[in-house]
Structure formats: structure tokens, C-alpha cells
> 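One structure, as C-alpha cells, below. Some questions next.
Read the numbers this way: they start at 1 and go in the same order the structure lists the ligands and their atoms.
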Amino acid sequence: AAQPPWWRRAVFYQVYPRSFADSDGDGVGDLRGVTSRLDHLADLGVDCVWLSPIFDSPNEDMGYDVRDYRAVMSEMGTLADLDDLIAGAHERGMRIILDLVVNHTSAEHAWFRAAVADPDGPYGDYYHLQPGVPGEDGSGPPPNNWASFFGGSAWRWLPEAKRWALHLFAPGQMDLNWENPRVRAEVAEIVRWWRARGIDGFRLDVINYISKRPGLPDGNEAIGALMGFPGIEHYFFGPRLHEYLRELRATGFTRTAQDPRPPSTVRSRGADGTLGVPEPPDPVGVLVGETPGVGVEMSRLLSGARRRELDLVFNFDVLDGPGKVRWDDYRYDLGYLKGFYLDYLARLGPDDAIALFLDNHDNPRMLSKVLGTRDRDPVLRSAAAKALATIQLTLPGTPFLFQGQEIAAINQDFAAAAELKDVESVNRLAELRADGVAHEDALARVRPGARDHARVPMRWEPGPTTGFSTGTPWQVGREDSVGFTVAEQGADPGSVLSFHRDLIRLRRAEPALTDGGFRALLPRSREYFGWVRTAPGDGDDWLVEVNLTDRTIKRPRGLPAATGVLGSHGLARGPRMAPYECVVARVLIAG
Ligand SMILES: O=C(CO[C@H]1O[C@H](CO)[C@@H](O)[C@H](O)[C@H]1O)[C@@H](O)[C@H](O)[C@H](O)CO
């Protein structure tokens, strides 16, 4: 049988370079820092590293505002540093993908500067530029009622160009006009340029926003009120999205016979983790789409194998319970997560794939959403972290870990507005203050959903700067727990880190846990999440069980006979399951 593409079995790991490891003491994480920690990722069993943006940027939105797609951000290092990182990852059997931010560029990008200098020139049509109201110097209303995700209108008046310019995110993040074939060709060239340097693919930032409805009509007020962002119905799944994605896959991501062999390719890794020879270059680089707002059916349309568009997409509906948004301060119910995945998996066809993620750089930590203020309880924290890992690493799908998950990272006790660095948090605080909300209340309303929680320095070892930097970190963590650093957990066989290593090792060795069938047990229970992965060939079947609650529950009866191999509370599998207890067991063959 044809081998499934590598990314169907792979474990991805997202690195937020600014907060991962700082090699030169300037307090900002960098590429040499990541390279210095590649062994940690290899030991964890990672197959592919995703780097959040490292391109030259004025950092209005921490790199998601790119000024030059072929240059490395000066704080993070040089192209040579990146080449070393690529070679280092490949040498250890890990692929590496970058973050392609092409729904928009920085306002400092040469294209935008040329567009402003001559809006009717060749670059004017690279962006969505609209004239103001004749006679008035832009004091008229913006072209439509679209709102920016970071507050205010999505339009900025450019007095020097006498044009309005569209920016769905920050005023320095200018939306590209993908209707323009030259823009699409530029993006394909950027992809080819990095593929030729050995990059194995890209995560594509807000890629479902690139096709806007022609004429950029006003958003429907009711939809705007519901979704919070007027106009979103006119761009979150635009009319030419599928066409653009197919084109980019063919023209940017697909190797041609003329393409030179990249300087390095990933070394193969056996089921027991031993490294082999370098693999041939992948015919197509992997395309991982960040697609906020899409549901299951749209996810399938964007990533079904025969569609030849994206390979995997992030469906964000898993991150917040029904009727909840990121800013709400509530306890996340893992019963909802179970229901979400059972529904999603039931609707997938053989052509489809699913990306399994719970944390990323845009969200507070899932562990803290589940545990609330009990996230400082080391026993519950470890148990719940192992339970989340078990779900992410043994359900059918491709897991994406985010840095820190492997050591049970939690949210921060940010005590002052000045501790929040993220443009979205800062703008939201300012808006609330402008609406007369008292300082403390404003902070209390922003803190639960702040992206800053995910962006504090990695906890490599105990100490004020947690082994992240010898200088003063750009962002300071606000939790001082003992026992939750890589150094403390690395040597502890019972730690969350060791559990991740053991689980990923088991996943690599047991085909049922990657390619196997899936059968849910007691699907309606909101406290017990159990399933069987059936081996594709003659391998073993595996039973996986998770207590979704912070209470002790009865273990259901009538389960397949199985022997515990990995468990958060021992392997016995007695009549009760402790809070968040999880176990992975080999199903015994009857007779
Ligand atoms: O819609 C996105 C897109 O995020 C991507 O695009 C954003 C713009 O590039 C960038 O800020 C994010 O870091 C990147 O992941 C959100 O998840 C975003 O975090 C925001 O909170 C909207 O409310």
C-alpha cells in the first residue's frame, strides 16, 4: 500500500522563537538559541519544527508584519544562522517549516512603500487602496464598515497617497490584493526560494482571509455584531480562495525537475527512532493552513487530499466552549472537547486529515483554562497535562505541540498592564480605558484571553530568567512553581516531560496509534473519554482512557481486556480513575 504522506504520522512542535532560547543575552530569543536546543526537541521525538515568523520585521505584531521575506529579523540572527538550524534539524531527523504571512505585509515592506509613493504605479494594485471622498482630504468615512481584529476600523488614511488602505490586523499590517496575479507570483517565488534552502513547508497565516469579495461591500451589521468583526463574511472564505490555494500549491510548493537539490534534507527515522540516511526532497512542501472561523466541512474542502489545496488546517472551534470566546474567564469543560473531536472524526472521509492542537502563540494555555486557579496545584497540573497529551498524541490526526506544553506550562499572573506586550492586549486595554473602565477592571477583562500567556520565556531551568537568557527577557513570566522546568523534569521518569517522550516513542513504534482505526467507547459520557485504536495490519490494538474531570470516577465496565503500558497514575487500571487519570493499554488478544 502507498505510504501516507509523512505529515500524517508526524508530531509537529511550534517554536515561538522570541521566547524559546536567547543565545546572545539581549533578552530576545533567536535562531542560534533554537539550534542550541534541537537535542531537546529530538529527544522529545518531534518530527517537524514550525517556527513562528523569523523574517525581517518592525515587530508591530511580533513578526507577523513582514518587511522582507528573504531576510532574517536582526534580533533573531542571520540567514547563515537559519541555514545552520535547517541543517541541524535535518541531521536529527526533524523537518522544519516557516510561517508564511502573506495575507498582509508590513507597511514598511518595499512593495507598500512603492505603492504609497505612486498609488497608480505598478505596486498600487498590490494592496487594497481606495480613494477618499472627492474634495475632502480623507475626513470622509472609510470605504466600508470592516473592523480590524486589533480594534477600530480596518482602514487607514494615507495622506501622502490620498488613499485609504485596508488592514484587517494592525495599522502596520497592510492586506495584499491577491486578485493581482503579480502578487500571487511573488508569493510563489518566496516559497520556492525557501524550499531551495531546505525548508520543508509552511504554516500559512490567516490564509483563508486572502480572497476578498469584489467591491469590498459593507458587512452585515447583525453578522458583525454576532462575530464581533463587521465584514468578516466578505473575506473569511472568499470567492477565489480555493483557486488561489491550488495555484500556490502548484506554483510554489511543488518541486519541478529543474529545482536544485536543497543543501540538506531530513534524515529518515525508524519506528525505534534510529536515524537513517537523508530522504529524497519531498515532491511537495507541506501546507498547514491557519484558518480562523472555518468549521469542519470548510476544513475538509480546504484540505481534502484530492482538492490539492492545503494539507492540514487549524480549526479553532476546539479552543473555546459553546457560547464562549477567548476573553471569557471560565473553566473549559473537557466534555466539550470530547464531543468536538468525536463529531469531527465522525465527519472525516479517508481523504481527510485533522490537525490536533490545544495551545499556540495566540491563546492562553489550555491547561489553565481546564484547571482555572487550581493550575498551581502540582499534582492536578501534571495529571491534566498528561491527559491532554494523551488525547493529542493518540487520537487519529496530526498533533501540533506548542512550546512549554511538554513541561505543563500554564498562564501567568500578569499584575500590571505594562506586563502585557502583545498589540492586541495593549489595544484592548486602551479601548476599555477609553470607555471609562477602571484600570484594574480593564486588566481583569483582558487577562483571561491575553495572547501574552503563551509568549513568556521557555522554562529551561529554575532561576529568575529560567535559563532562557543571561540578559533581561523582553517578556517576563509570572509564575514561580517548582518542578516545572525542562531541567527538573528531564531526569524525572514520572514527569510530564518524560510522559511526553514515552508517549511519542510509543506512538512512533505502534502503527495503530498513527494509522489505526478508531472506535469510541461510551461516546455520551462527559467524564470518561475512552477509545480503541485498531491496528492497520497485524500489530496490536490499543485502548486509551482519560478521566476528563477533577474528580475520581468509576472506570466503566465491559471494556476490552488490556494491559497498561503508559499511565499517569500507574498501570493497574483498577475500578476507579483518579482526577485526570489517563492510561494507554495494549489490548489483549482473546484466547
Ligand atoms: O485570527 C487570528 C490570526 O492569527 C494570526 O494572524 C495574526 C495576524 O498576522 C497574528 O497576530 C497571529 O499571531 C497569527 O497567528 C487570531 O487567532 C489572532 O490571534 C487574533 O487573536 C484575532 O483575534
> Report the part of H167 in contact with ligand 1, treating N, CA, C, O as backbone and CB onward as side chain, heavy atoms under 4.0 Å; options are side chain, backbone, both, neither.
neither
> Does R451 have a heavy atom less than 4.0 Å from any atom of ligand 1?
yes
> Which ligand 1 atoms are under 4.0 Å away from a heavy-atom of P292?
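That gives atoms 1 (O) of ligand 1.
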> Which heavy atom of the protein is the closest neighbour of atom 5 (C) of ligand 1, given with residue, atom name and distance?
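Going by distance alone, atom 5 (C) of ligand 1 is nearest to D205 OD1, 2.9 Å.
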> Do we get R182 above Y126's six-membered ring, with its NZ or CZ under 6.0 Å from the centre and within 45° of the axis?
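R182 over Y126 ring: no.
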> Honestly, is R445 close enough over W327, meaning NZ or CZ under 6.0 Å from the six-membered ring centre and within 45° of the axis?
no
> Which residue holds the protein heavy atom closest to atom 7 (C) of ligand 1, what is that atom called, and what is the gap in Å?
F169 CE2, 3.8 Å
> May I ask you to identify the nearest protein heavy atom to atom 2 (C) of ligand 1, giving residue, atom name and distance to one decimal place in Å?
E290 OE2, 3.8 Å
> Which of these, R455, R447, R18, sits in a salt bridge (Lys or Arg N to Asp or Glu O under 4.0 Å) with D422?
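The single option meeting the salt bridge (Lys or Arg N to Asp or Glu O under 4.0 Å) with D422 is R455.
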> Counting only heavy atoms closer than 4.0 Å, does ligand 1 sit against the backbone of R455, its side chain, both, or neither?
side chain
> Quick one: do R113 and E108 make a salt bridge, cutoff under 4.0 Å?
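No salt bridge links R113 with E108.
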> Quick test of your reading of the model: are R347 and D352 salt-bridged, counting only N-O distances below 4.0 Å?
no
> With atoms numbered from 1 as shown, which atoms in ligand 1 lie under 4.0 angstrom from a non-hydrogen atom of R326?
20 (C), 21 (O), 23 (O)
> Considering the heavy atoms of R203, write down every atom of ligand 1 situated less than 4.0 Å from one of them.
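Close to R203: 14 (C), 15 (O).
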> In terms of side-chain geometry, is the basic nitrogen of R249 or D311 positioned less than 4.0 Å from the acidic oxygen of its partner?
yes
> Which heavy atom of the protein is the closest neighbour of atom 11 (O) of ligand 1, given with residue, atom name and distance?
D61 OD2, 2.5 Å
> Sequence neighbours left out, what pairs pass side-chain hydrogen bond (donor to acceptor under 3.5 Å, both in side chains) with at least one residue falling in residues 426-444?
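Residue pairs passing side-chain hydrogen bond (donor to acceptor under 3.5 Å, both in side chains), neighbours aside: none found.
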> Taking heavy atoms and a distance under 4.0 Å, where does F236 meet ligand 1: side chain, backbone, both or neither?
neither
> Suppose I only count heavy atoms of E424 and a 4.0 Å limit; which atoms of ligand 1 are within that range?
20 (C), 21 (O), 22 (C), 23 (O)
> In terms of side-chain geometry, is the basic nitrogen of K338 or D333 positioned less than 4.0 Å from the acidic oxygen of its partner?
no
> Purely on distance, is any nitrogen or oxygen of H361 under 3.5 Å from one on ligand 1?
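It does: an N or O of H361 is found under 3.5 Å from an N or O of ligand 1.
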> With atoms numbered from 1 as shown, which atoms in ligand 1 lie under 4.0 angstrom from a non-hydrogen atom of H104?
8 (C), 9 (O)
> Mind telling me whether Y330 and Y332 have parallel, tilted or perpendicular rings, with 30° and 60° as the class edges?
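Because their plane-to-plane angle lies in the 30° to 60° range, the rings of Y332 and Y330 count as tilted.
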> Return the set of residues passing salt bridge (charged side-chain N to carboxylate O under 4.0 Å, His left out) with E243 (not counting sequence neighbours), or none when no residue passes.
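Salt bridge (charged side-chain N to carboxylate O under 4.0 Å, His left out) check on E243 returns R240.
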> Nearest protein heavy-atom contact for atom 15 (O) of ligand 1: which residue, which atom, what distance?
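The closest heavy atom on the protein side is D362 OD2, 2.4 Å.
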> Closer than 4.0 Å to some heavy atom of F150 - which atoms of ligand 1 meet that?
11 (O)
